[in-house]
Each structure stands twice: as structure tokens, then as C-alpha cells.
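Here the structure comes first, spelled out in C-alpha cells, and everything after it is commentary.
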2 protein chains.
Amino acid sequence: MIWAPLFQRLKTTTGADDRDLESLAALPFTLRNFRENQTVLRDGEQPTECCLIADGFCVRSKTVVDGRRQILSIHIPGDLPNLQNLHFPSVDHDLIALSDCTLAFIAHKALNDLIGERSGVGDMFWRDTLVDAAVSREWIVNVGQRSTYVRLAHLIVELRERLRLIGRVIDNTFEIPLTQEQFGEAMGVTSVHTNRILRELRIDGVLELQRGTVRILNEHKLQELAQFDGRYLQMSPSS
Amino acid sequence: MIWAPLFQRLKTTTGADDRDLESLAALPFTLRNFRENQTVLRDGEQPTECCLIADGFCVRSKTVVDGRRQILSIHIPGDLPNLQNLHFPSVDHDLIALSDCTLAFIAHKALNDLIGERSGVGDMFWRDTLVDAAVSREWIVNVGQRSTYVRLAHLIVELRERLRLIGRVIDNTFEIPLTQEQFGEAMGVTSVHTNRILRELRIDGVLELQRGTVRILNEHKLQELAQFDGRYLQMSPSS
DNA sequence: TGCCCTTCTTAACATTTGTTGCGTTTGCCC
DNA sequence: GGGCAAACGCAACAAATGTTAAGAAGGGCA
């Protein structure tokens, strides 16, 4: 059931109406598989569908002139990484599959028709893009102000909270299938430096990363380090 | 007429419907003045109104535990910096007046009622928050991947394009009333380093910054440096 | 005018991060 | 099982950026 992670998230962040969700689930979609490193959407493209990540991980990224690449966001099952194309024809970044992925494509027309009928669906989607924006703002803080050591801890806690919501965290262990180079691209540092910082985190007994599997070694130390304030994820309906 | 810059922007980015704009202009609002450095919204607050910047500059910012501050976005007349509170009760950052400011506050209720009546207004606002999100993503790239020298050039070109749209650029000169420390906070570097980079830009004959007034010395050099691709601002309706 | 505060400016030095290079490990495919 | 490519690990050195400190310049106000 491809809708489960999205519905889980929408219910948590917005207390979604069940009939709105049912109407969403009734929409036609096309499943497409992507392989690791395959480009889903290219900068400048004008998609006519929105995609829902049914399985796997994707990232948004931008490449600057000298070839350096910045990862803008990490997307997990249940995410709708190009909802903005309901309003703007072109994507202004790349969307790339990090792992083998299954994506459900839903036509803009079908979505727009549904939004026209049920304004609650439009509100849910608007909220979803607002959370996406809040995550981007937190990333600006992460890259701009936190030391690489803390930055990596914060990034990993953010991902853990989002993965926990869709049931992907077991025994303090979870998958974030990025290479060290890709973690570096998310943090604005090189792979060499990412390696240095990971070593420190391992030696300090905070956490361990092995080929995309994160294991928390000391929850208390991690919390103290990351100083994670998850309000921006809007995971508790009261916020 | 407080609506002019907003309408100018909405027309350019979305080809707004005139009747939607008229209905907006008919909404009741309260004008409030803020002084330089005064906090408009504090992290955690639950505003019941959205604000429109009628005059002056504001910034969103977040402060991390060790006291360092990151500026998340710079807002100019015509911006609606807390539109997201139509959907989420709390702000997750501070909103601070950089200069003496005049803000128009519009009640959420009035806005929501209007959106209920005229879905085009809701669409415009949704689009506006999407552009805001696109700007945040570009800032992640700026802070993460560009050298401080290029980063400052890029930031200034972005602001120039946005200011130009509302008629605030004259003869390659315009106001961005940030101190060097605040420019640093927007770029994730210290004021000392900002000063170093500004000196280089001045010596290289690219641009000059004096107490918040920017003067472009060599447009060609600036363009070549910043490699500014303004598509993310959605200023041409065709994008 | 003179005082005071903020901002700007610069230098010397410390720390972080990037660059280059190379050896090791891992996973995949024949 | 052997070979290959990608990812990991690490060290030496270079470059960018932070820290600290101090003086200069500017603006507001008595």
C-alpha cells in the first residue's frame, strides 16, 4: 500500500481528514522504478506529474558552476518532493534516486481536480510544502552555524525522527543510504572531512555509520550534542 | 498605498487576477511601526495575524545554543514573512526589524475567509510560500558550496533583483540596511571575515558597500562572479 | 563642541577545512 | 575465486576562516 507512509505523516502533522485521505487514495497513479543514482527530475524539466516516494531514498540537489554539488533535502518514503510543480512549471534543481526506488506518479490534472473538489486536500498539500520549507530553513542554520561535528549529529537526528514516524527505526538503528561523500554534500563539506568527523563521533562513542546504516551508541550524548528541537517538523499536532 | 509592492510581485510571479488583488486590498488591516532591531515575532509565539511589510527591512533568524545567530531570509516591502502561520500556529524562528519598519497586520480570520471565497487568493499565497521555499533552497547552496567571495556577490545580486522589482534600484545603487555583522550572519561567517571579503570586492572593483548602501562598480565582473540564475525567484511568468 | 556607542578596519595568531595522494576494504560480476 | 570499481580511511600539507585585540570613523545626543 503505497499511501501508508504519506498518510501517517499527514495525520501526524495536520490531523488529516479521513475522507480527504480516501479521496487521495482513489487517484490513479503510475509506478516507476529508478535505480541507484538515476535522475528522476532534471533541473529545468517541466513535469506533468507529481511523484510520491513509495520506497527508497531521493535527494534534491543543485550543482554550481565549478562542479560542486549541494544536497538540498533528503526524501524518504511518503514524501512528495515536487509538489511545488503544481504551481510552477519547471523544477529548479535535480531530483536523484539515492537507492533503488519505487515512485508513484500522479498527474497534475488529477490532483488539481481533486483540490478543486475538496479544499481540505489542497490545504494538506500546502501544509506539506510549508513543512518542507521549514526543513530547508533549519538546514540553512545547520550549514551556516553549527560545527561539522554537531551538524552531522543534527542531520542524523532529523532523519531519525522522520524515519521513526514511518516505522523505519528499530533498536536505535536505521538506514540512511548516503555515502560519506553524499553526507558531505548535504553538509557543505568534503568527503575527507566527513570521514574525519565520523571517526570522531565513533571514537567519542556517539554514533557509528557503516555503509548507510546508522547505529546510535549513546543516546544521551547525541541529544546533548545535536540540541535538536523538532518543532519545525510539525510532528505534534499541538505545535 | 501599502499594497503596491506586493501586487507588483504577485503580478510578476504569478500573473495574478485583478479581482483577486482588489479583494485583497479591501481587507482590513492595522498598521504598526517597529524600530530598528525590534523583534516583530519571537520564536514560539502564536500570532493571529499575518504581516505585510509596507516599508523597511526585516529578517528571519534562528539562534543556536552557543549564541550564534543565522539569518534565514531577508524581507523587503511587499513580503509576507509569516504567511505560514495561516496553517501552523507557532513561528519557529524570530522575525526582526532591521531598519525602522511599517508593517500591516491582517487577521488570519479575514484572510481565511477570503481564501474560502476566492480560491485564486489561496493559490497566490501558496505560490508565494513556494517562492519563499525556493529562496531558502538557494541559500543552502550559497552557504554550503560557494566561497565567501562569490557568496556575498550572489546574495547581493539576489537582493538587487528583488529590490528592482519593487522599484528600489536606481543607477546601480540600492539600500540593503545590514551591518557587516548581519551580512556575516546571513552567510554563516563572522563579521571580521565579511569585512575581509568586502575589502577584496572593493579592491577588485566589483562592488562597494557603505553603511547599507550597495554600489555596483562593475556589472560585468559581478555577473561573472555570482553566476546568478534567477529562475528560482519566478520573476518571469514563463518559467 | 565633546562624549559615547556602534560599526568598521586591520593585524597576528589559532583552528577548521580543503587538497592531494595512496593504501585498504567492500561488494559485484565474470 | 579473481578482478574491478566504488567507497572508506588516513596522513601531510595548504588554504580558508575564526578569535582576539586594538584603533579609527561615524552618528546621535547633551
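Below, read A as the first sequence line, B as the second, and so on, with proteins coming before strands; counting in each chain starts at 1.
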Quick one: label A:Val192 by what it contacts on the DNA or RNA (base, sugar-phosphate, nothing), any heavy atom closer than 4.0 Å. base
What is the separation between atom CZ on B:Arg202 and atom C1' on C:dT9, rounded to the nearest whole Å? 9 Å
Parallel under 30°, tilted from 30 to 60°, perpendicular over 60°: which one fits the rings of B:His154 and B:Phe228? tilted
Does A:Arg196 get its side chain close enough to the base of C:dG18, under 3.5 Å, for a donor-acceptor pair? yes
B:His193 and B:Arg196: side-chain hydrogen bond (donor to acceptor under 3.5 Å, both in side chains), yes or no, with the steps? CA-CA 5 Å; B:His193 195 53; B:Arg196 270 197 280 253; 3.0 Å; yes
Expressed as a whole number of angstroms, how long is the span from A:His193:NE2 to C:dT20:P? 17 Å
Across the strands shown, which category fits A:Ser147 at heavy-atom distances under 4.0 angstrom: base, sugar-phosphate, nothing? nothing
I want to verify a distance call: between D:dG18, C:dT9, C:dT17, whose nearest atom is closest to the A:Val189 side chain? C:dT17
Could you tell me whether the side chain of A:Asp92 and the main chain of B:Leu233 form a donor-acceptor pair under 3.5 Å? no
Sugar-phosphate only, base, or nothing, as touched by A:Gly188 at under 4.0 Å among non-hydrogen atoms: sugar-phosphate
Separation of A:Gln182 atom CD from D:dC8 atom C1', in whole Å? 13 Å
Please report the distance, rounded to the nearest Å, between CG in B:Leu201 and C1' in C:dC8. 16 Å
Is any side-chain N or O of A:Thr190 closer than 4.0 Å to OP1 or OP2 of C:dT17? no
Face-on cation placement of B:Arg164 at B:Phe174 ring, 6.0 Å and 45° thresholds: no
Spacing of B:Tyr149 atom OH relative to C:dG18 atom P, expressed in whole Å: 21 Å
Compare side-chain N and O positions of B:Thr179 against OP1 and OP2 of C:dT6 and report whether any pair is under 4.0 Å apart. no
Which residue lies more 5' along DNA chain C, comparing A:Arg211 with A:Arg151 via nearest heavy atoms: A:Arg151
Rounded to whole Å, CZ of B:Arg35 lies from P of D:dG28 at a distance of 15 Å
Picking from C:dT9, D:dA7, C:dT17, the nucleotide nearest the side-chain atoms of A:Thr148 would be C:dT17
Would you say the side-chain atoms of A:Glu36 and A:Ser99 include a donor-acceptor pair closer than 3.5 Å? no
Let me know the distance between CG of B:Asn37 and C1' of C:dT7, rounded to the nearest Å. 12 Å
Between A:Asn195 and D:dG9, is there a side-chain N or O to OP1/OP2 distance below 4.0 Å? yes
Classify B:Arg199 by what it touches in the nucleic acid, base, sugar-phosphate, or nothing, heavy-atom distance under 4.0 Å. sugar-phosphate
Once you round it to whole Å, what is the distance between C1' of D:dA5 and CD of A:Glu36? 13 Å
